[in-house]
Each structure stands twice: as C-alpha cells, then as structure tokens.
Amino acid sequence: MKHRAVITGMGLCTQLGRSVDEFWRNLLAGHSGIGRISLFDTSSLPVRIGGEVKNFKPDTLFGEFPEAESEKDRKLWLGLDAAAGAIADSRLPRDDFQNTPLFVGVSLETFFLEDAIPSTPVPDAAQDFARQVLNQEPRRPLQTPLDRLTQILGDHYGLNRGRYTNCSACAAGAQVIGEAFRRLRDGTAAVAFAGATDSTLNPLALGGFSLLQILSTENDQPEKACRPFDATRQGTVLAEGAAFVVMETLEHAQRRGAHIYAEVLGYGSSLDAYRVTDPEPNGRGAALSMARAIADAGLTPGDIDCINAHGTGTPKNDVAETLAIKQTLGARAKAIPVTANKSMTGHMIATSGAMEAIASAMTLHTRRIPPTINLSHPDPLCDLDYVVEGSRDFAGRTVLSNSFGFGGQNATLVFRRSDA
Amino acid sequence: MRANVVISGIGMITPLGTNPVEILRDIEAGRSAVAPPTRFDATPFSCLLCAEVRDFQPQPYVAEGKMIRLMNRDAQFAVAAAHLALADAGVKPGRAYLPEEIALFGATGLAGLPLAEVMPLVKASTGPDGLFDPGRFGQAGLRAVSPILSFKILSNMPLCFVSICENIQGTNGIYTPWEGQGAQAVEAAIRALECGDAHCALAGGCDVKTHELAFLSLEQHGLFASWQQNQAGLAPGEGAVFVVLETADRAAARGVQAYARVSGSSLRTHQPGSSRSDTCVKVLEGLNLPHEPLSAMVVADNGDVSAGDDERRALSALRLAAATVIKPKKQAGDLFAAAAGLQIGLGALLARRGSEPVLVDCFGHGSEQAAFVLEKP
C-alpha cells in the first residue's frame with residue numbers, strides 16, 4: 001500500500017529570515033539577501049559578496065544543544081537552528097521521534113585554516129606541520145566530519161530509524177526530502193525528518209569556488225549580482241543557510257490534527273554523465289530528473305502548474321534548465337510560471353533544494369509565487385514565463401522544484417496543494 | 001530481503017590488489033598489506049601503519065586523459081573499481097541496460113588531500129606573526145594551489161566521475177563519511193531495484209586515508225585511541241570497491257552467473273547510552289538468520305581492540321559461528337567509506353562457493369551499523 005506524504009513542519013535559517021514567515025515575506029517582496037561578506041576579511045579575494053545570515057548568534061543555541069558549543073563549523077549551527085524551528089513548527093510529540101529516520105544534506109567540508117596555522121613559523125615538512133597541529137592546546141580539529149550535524153540532531157531528538165548524511169552537492173537538499181518521502185510512501189516510517197545545511201562563506205570555500213570562475217564578481221552591486229535567466233548574468237553568488245522539514249504520512253498527520261503545508265507527490269533523480277565542470281548543454285539529465293519526478297507523482301507534464309527553478313544565474317546552467325523544461329513540458333512550457341529563489345538568496349549549495357522545497361510548499365499554501373528579481377534583460381535563449389513583475393497569484397495545484405548539482409547530479413521534487 | 005537481488009559484478013582497487021579472487025585468497029592465506037606508509041611520515045601519529053594501494057595507474061580506466069588531473073586519488077580509485085565491476089558483470093551502459101536504467105549509489109569518506117598539496121597554500125597564507133592572514137590567502141595562498149582544488153574536496157565528485165566515465169545516468173545518491181554509509185549505499189541501490197527506479201545498480205564506495213591530513217583527522221577525532229591504550233588498533237587504508245546489483249530475473253535473462261543473492265540486510269542506528277555490542281546484536285537479530293549453520297563470516301574487526309571485542313560479544317551472544325571467518329580490514333586496512341563494499345564483495349565470493357549463507361558485518365565508526373546475508377544464487 002502506498003501512503004501519502006505531507007509536510008507538517010518547516011524551519012529555516014537564511015539571509016532572508018530565520019522563521020518561515022519572515023523568509024516568505026521577504027521572498028514575496030523581492031528582497032535580496034545578498035551583500036558584502038562580514039564573516040571574514042574578503043578584501044583580497046575576487047569575490048567579496050554572498051548571502052550571509054546576518055546577526056546570527058550561535059550561542060543562543062547552546063542552551064538546547066550544549067554539544068554544539070565546542071563545535072566551530074558554522075553550517076552545523078545554522079542547521080541546528082533550522083532543524084529546531086521545523087520541529088517546533090510541527091508540534092510533533094516527542095514520542096513520535098523514536099522511529100523517525102533523519103536525512104541531512106551537506107556538501108563541502110570546512111577546513112579551519114585560520115585555526116590550524118600555529119602561531120609559530122610554518123615548517124617546510126608536512127610531518128612537522130602535522131606535529132604542530134597535534135600539539136596545539138586547546139585541541140583544534142582541522143575539519144568537522146560531514147555527519148556531525150546528523151549525529152547531534154539524531155542524538156538530541158532520539159532519531160534512531162536510520163541517519164543519512166547525503167553529500168550530493170547542490171542536489172543534496174532535494175535528494176534528502178525525496179528519500180524521506182519514499183520512506184513515508186512505502187510505509188517504512190510514519191514520520192521523517194529531512195533538510196540540509198551549508199556555509200561556503202569561509203576562506204577556502206569562497207576562494208576555491210572563485211578559482212572555478214562560476215561566481216559573479218559584481219562586488220559593487222551585491223543585491224543585483226545574482227540574475228538567473230537574465231541576458232547579462234555573470235555567475236552565481238554563494239550563500240549559506242539551512243532548511244529542514246518534518247514530513248508525515250497523511251494519516252499520521254490527520255490523526256494528530258497537524259497543520260499541513262503541502263503534499264510531497266513525487267521524486268526523481270538522474271545523472272548528466274557529461275562533465276564535472278558544466279551541465280549537459282541540452283538539459284538531457286535535468287529533463288530526465290523532471291520526467292521521473294512527474295511520473296513518480298502519477299502525473300503527466302500537463303499537470304505541472306509552476307516550476308521552482310534551480311536558476312543559479314550561471315550562463316550555462318540557466319540555458320540548460322530552460323531547454324530541459326521545454327523538453328519536459330513540451331508546448332506548455334512557455335505557459336508555466338517559473339521562479340528562481342536564488343536571485344534573492346544566492347546559492348546555498350546543499351541547502352538550496354530544501355529551501356526551495358519550503359518555498360514551493362509555501363507557494364501552494366499561500367497561493368503566491370515569489371518573483372525572480374534582477375531579470376530585466378531577457379535572454380533569447382531563456383524564453384519561459386519567468387515571474388519577474390513581483391509576486392504573482394497562483395491558483396494551480398502543483399509545483400515542481402529542480403536542483404542540479406556540481407558534477408551532474410540532478411534531483412526534482414513535485415508538490416501538490418493539500419486537500420486534507 | 002524483499003526482492004530477489006543478486007550481485008553480478010565485483011570491482012576492487014585495494015591494497016591487496018585488484019583481482020577479487022586473488023584478494024580473497026590472500027586474505028585467507030593470512031597475507032597483509034598493512035605496513036609503514038611509503039608516501040608520508042607517520043611518526044607524529046599514534047598509528048604508524050597503513051595499507052596503501054601500490055603502483056596504481058588511472059589511465060586505463062579514464063578515456064579522457066585530461067580528466068585525470070581534475071580527480072583526487074579517491075575519484076581515480078572509484079572510477080577504476082566501477083569500471084572493473086561493470087566489466088565483470090558484463091554490463092556496458094547502452095547495451096545490456098540503457099544508461100538511465102543504471103543507478104549509482106556510493107559512499108565517500110572525509111574530504112582530504114595529501115598535505116604536500118595543501119602546504120604551499122598554508123605557507124603562502126601565513127603572516128609574519130605566524131597567523132593565518134586573509135589578505136595573504138587571497139593574494140598569494142590561492143595562487144599556490146590548483147584552481148581545481150574545490151573539485152578535489154567536494155565529496156560527491158568521485159561518483160560524478162564514475163557516472164561520466166561509465167555513462168551512468170540513473171537514479172543516485174551519495175552518503176558520507178564512515179563504514180555504515182557504504183552499507184546505506186548498497187541498501188539504497190537495492191531499494192532502487194525494488195521500486196523500479198532502476199534495473200541495474202552500481203553501489204559501493206571509495207576512500208583514501210593514507211596521507212597526513214587523514215591521519216591528522218583520525219587522530220584528532222580519537223580513532224587512534226586504541227593504539228594509545230593497547231598498542232594495537234586500526235590501520236587506515238585506501239581503495240574503492242563497487243558491486244553490480246540486478247534482480248535475479250534480469251541477470252538470468254542476460255545469461256549471467258551471479259556471485260550471490262542478497263538474502264538479508266539489517267541497518268540500525270547506534271543509540272547513545274547503549275553499548276556498541278548491544279547495537280551489533282540488534283543489527284544481527286534484524287537479519288532473521290536461519291538456524292542452519294553459516295558457511296562463512298566476513299567480520300568487521302579492524303584491529304581496534306574495543307570494537308573487535310564488541311563484535312565478538314555480539315556474535316557470541318547469538319551463537320554465530322562459521323568454519324570460515326575472514327577479517328579483511330586487518331589485512332587490507334580499514335577502507336572506511338569503501339569498507340562495506342569490500343566486505344560485501346568478498347562475502348559474495350564466499351557465497352558462490354558455499355552451500356550455506358554468508359554473514360557480512362559492516363560495523364564501523366559513526367552511528368550507522370549494518371550487516372548483510374549473502375547466499376549462493
């Protein structure tokens with residue numbers, strides 16, 4: 001028997017807000033969360049802007065999560081904040097956590113260079129450097145394993161029905177929700193907890209991505225730097241943040257009278273098998289991911305009413321995604337509203353898919369589609385109905401959300417307005 | 001196990017070689033690849049041993065040679081092992097199966113590079129006061145490293161290279177960073193076959209723990225504690241192992257003689273406050289093992305005294321024993337994210353030659369613990 005899966009709790013920690021209401025209000029208003037990075041000195045880097053979560057004070061978390069106090073990986077704190085928000089929002093009784101699987105999306109490990117470099121001359125030999133780092137007091141780990149948030153959340157909430165740390169880059173946030181959805185649908189679990197966290201706003205990550213030349217260097221106009229589908233787009237803007245959802249089977253949610261935001265209806269994934277540096281230019285892999293999600297949802301392309309695009313603002317990605325949407329939806333493609341949240345948030349890498357899942361659920365829940373900002377010069381190669389005029393009323397019943405990762409991993413989710 | 005899933009191909013890049021049959025023979029003969037490292041100096045660490053893959057050349061497995069410079073060693077191993085597994089199964093994407101019909105699930109370990117690759121950046125980013133200087137980092141540090149550094153530390157890259165080199169386009173997922181995540185990858189592949197997301201799946205993992213940065217992390221996170229307390233412990237290894245999974249019907253239709261049928265799996269989360277051996281017991285109980293004897297066991301013992309004791313206690317509590325017991329991690333090194341693949345691959349070889357089930361333990365670090373039962377198809 002197949003069960004229906006619904007979203008009953010959502011939590012965010014983003015540059016546009018740390019509550020779903022605040023995030024959604026800013027998204028609908030077209031506010032940009034991108035600005036100068038204040039977390040560290042970026043003056044010598046080619047990229048000095050990002051989607052930073054400002055005024056975030058991790059010490060406010062340590063009362064509830066004392067085990068996080070000794071950690072120093074910012075994405076871990078962002079994740080705890082969003083996860084706690086989702087669980088509080090769901091009002092799920094603590095007893096229901098015990099048989100709950102946990103799915104966490106992450107991407108890049110953070111290396112703490114600034115801590116690792118000892119305040120003595122750096123030796124020439126690697127083994128001497130290793131010895132210095134090991135002898136440091138207090139102990140300063142060079143890196144935090146990517147499953148650390150998974151472990152803290154799992155232990156704290158007693159989530160013991162499998163803990164999964166998915167590192168599928170920009171597809172991770174969508175994949176974890178897709179995997180949670182599958183567990184609910186097949187009856188393996190009645191409640192599942194999924195989300196993602198990321199912060200690439202540190203020297204090594206920002207510097208490393210700068211070298212790949214996929215980032216906008218428009219440091220003087222940060223709020224306009226991320227321009228998905230615009231003819232003048234120059235690249236994406238890195239961001240940080242976390243987004244988590246509580247999902248339940250419909251019957252479980254109804255039994256406890258839970259508030260339902262939206263139903264998760266389908267999930268699909270694919271691989272470009274093309275290049276690690278570029279998306280497949282015709283959108284083949286992306287189209288396959290979308291087609292799979294639609295089929296998994298038991299729908300046809302004609303049933304899709306809105307698309308929450310991956311829309312990074314890189315020249316190649318936006319064209320490939322446009323082509324993929326056309327392949328998937330055929331003649332209807334130009335009639336379907338498309339929105340790109342990254343125009344306001346920047347690219348949260350692993351978190352993007354989870355954040356956009358929440359935006360998709362809110363689109364259905366509030367019947368409003370957020371705009372794609374900074375799209376003022378239409379690109380002839382990107383010729384869909386992008387929502388540019390401001391937020392738009394939405395009477396449709398389904399939203400499809402795309403997430404396409406570095407290296408060619410693709411994931412798509414389909415959501416439906418809850419009729420429960 | 002709900003569906004009739006078989007293992008039809010095995011690909012291994014390990015410190016004991018690349019031929020699965022010879023690797024099993026070496027392990028049964030007691031040969032070991034564990035030795036002092038040749039590529040770095042381990043004297044700063046509590047553990048002085050590791051298991052290295054010697055004389056590995058990626059060129060035969062990567063059609064586009066310039067792609068090799070984008071890959072770290074983990075990715076090179078992954079591509080090679082995946083290629084060997086598919087070749088062993090006789091699966092050529094686009095022939096036996098369409099590329100989109102083949103799933104890819106894998107595990108990768110803690111990110112890391114040999115310190116020799118990172119040291120130029122570290123030195124160039126250090127100010128006269130000996131501290132990290134962001135200005136120097138941007139002006140000189142970044143210029144001291146390869147512009148493709150990010151590709152070498154992004155955890156999903158090894159499997160993306162596998163998809164590119166082998167033209168695999170199907171459903172996918174990548175988990176990190178310990179042994180249990182390798183088992184999760186195999187379980188995810190089985191699920192994909194069961195629900196019809198894929199008709200064939202490549203599952204496994206890759207990891208490289210044979211450089212200073214890896215040893216630093218393992219030491220800092222307490223994984224060498226057994227060496228400090230007992231003068232014995234795990235020897236980090238490196239390598240990649242993938243298996244090809246298909247439904248028995250599809251394998252038979254292709255005329256393939258499978259190695260083993262996956263007749264049971266059990267994945268459990270270790271709960272804080274409970275003992276590791278209790279968790280192992282729960283994992284093994286979850287297999288619903290038949291009362292008939294086991295023909296062989298592939299145990300997870302990696303040399304860590306405490307972990308080995310926990311596993312022995314669990315096996316003993318359930319009175320599980322077999323005539324053949326192998327401990328691959330003690331001889332091939334602990335391959336961490338690739339360990340489950342190695343355990344399962346060797347278990348499949350043992351299953352093919354025995355008439356009773358083979359128990360494969362995939363216990364390890366982190367919270368996720370797993371075991372599988374394999375039988376002759």
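Taking the side chain as every heavy atom from C-beta outward, T269(B) and L102(A) never approach each other to under 4.5 Å.
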(Q) Between L204(A) and L121(B), does the side chain to side chain contact (heavy atoms under 4.5 Å, CB included) criterion hold? Intermediate values first, please. (A) CA-CA 10 Å; L204(A) 196 58; L121(B) 179 148; 3.9 Å; yes
Q: Could you give me the CA-CA distance, side-chain angles and deciding distance for V118(B) and F111(A), then say whether side chain to side chain contact (heavy atoms under 4.5 Å, CB included) is met?
A: CA-CA 11 Å; V118(B) 186; F111(A) 287 87; over 6 Å; no
Q: Evaluate the criterion side chain to side chain contact (heavy atoms under 4.5 Å, CB included) for residue pair E212(B) and V133(A); output intermediate values, then yes/no.
A: CA-CA 11 Å; E212(B) 309 94 336; V133(A) 173; over 6 Å; no
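For D186(A), the part sitting under 4.5 Å from any heavy atom of chain B is the side chain, from C-beta outward, and nothing else. The contact between R183(A) and chain B is made entirely by side chain atoms (from C-beta outward), counting heavy-atom distances below 4.5 Å. When heavy atoms are compared at a cutoff of 4.5 Å, L110(B) approaches chain A by way of both its backbone and its side chain. Contact annotation for E179(A): only side-chain heavy atoms (C-beta onward) come within less than 4.5 Å of a heavy atom of chain B. Using a 4.5 Å cut-off between heavy atoms, L159(B) makes no contact with chain A at all. For C195(B), the part lying under 4.5 angstrom from a heavy atom of chain A is the side chain only. S43(A) does not touch chain B: none of its heavy atoms, backbone or side chain, sits under 4.5 Å away. In this structure, chain B has a heavy atom under 4.5 Å from the backbone of R275(A), while its side chain stays farther away. Using a 4.5 Å cut-off between heavy atoms, T277(A) touches chain B through backbone and side chain atoms alike. With a threshold of 4.5 angstrom between heavy atoms, F103(A) does not approach chain B through any atom at all. Only the backbone of L159(A) has a heavy atom closer than 4.5 Å to any heavy atom of chain B. For a residue to count as touching a neighbouring chain, one of its non-hydrogen atoms must lie under 4.5 Å from one of that chain's; by this rule E100(B) touches chain A with backbone and side chain alike. Within the 4.5 angstrom heavy-atom criterion, no atom of T200(A) approaches chain B. Proximity to chain B (any heavy atom under 4.5 Å) is restricted, for R292(A), to the side chain, taken from C-beta onward. Heavy-atom distances place the side chain of Q175(A), and not its backbone, under 4.5 Å from chain B. Looking at L142(B), the atoms closer than 4.5 Å to chain A (heavy atoms on both sides) sit in the backbone and in the side chain alike. Looking at T43(B), the atoms closer than 4.5 Å to chain A (heavy atoms on both sides) sit in the backbone and in the side chain alike.
Not a single donor-acceptor pair under 3.5 Å links the side chain of E368(B) to the backbone N or O of Y164(A). Q143(A) places a side-chain N or O within 3.5 Å of a backbone atom of A111(B) that can act as its donor or acceptor partner. A donor-acceptor pair is defined here as one N or O able to donate and one able to accept, closer than 3.5 Å; such a pair exists between the side chain of Q220(B) and the backbone of L142(A). Looking only at distances, no side-chain donor or acceptor of S270(A) sits under 3.5 Å from a matching main-chain atom of Q169(B). Between the S269(A) side chain and the N172(B) main chain, a donor and an acceptor come within less than 3.5 Å of each other. Side-chain atoms of N166(A) do not come within 3.5 Å of backbone N or O of Y175(B) as any donor-acceptor pair. Formation of a donor-acceptor pair under 3.5 Å by the E166(B) side chain with backbone atoms of A273(A) is not found in this model.
Within a 6.0 Å radius of CZ in R39(B), more than 12 heavy atoms belonging to other residues, nucleotides or ligands are found. A 6.0 Å sphere centred on CD of E67(A) holds more than 12 heavy atoms belonging to other residues, nucleotides or ligands. Atom CD of Q213(A) is surrounded by 12 or fewer heavy atoms from other residues, nucleotides or ligands within 6.0 Å.
Of the N and O atoms on the side chains of Q139(B) and S44(A), not one donor lies less than 3.5 Å from an acceptor on the other residue.
Each of C160(B), P44(B), G138(B) has some count of heavy-atom pairs under 4.5 Å with chain A, and the biggest count is that of P44(B).
Heavy atoms only, all atoms of each residue included: L146(A) and S155(B) are closest at CD1-OG, 3.4 Å.
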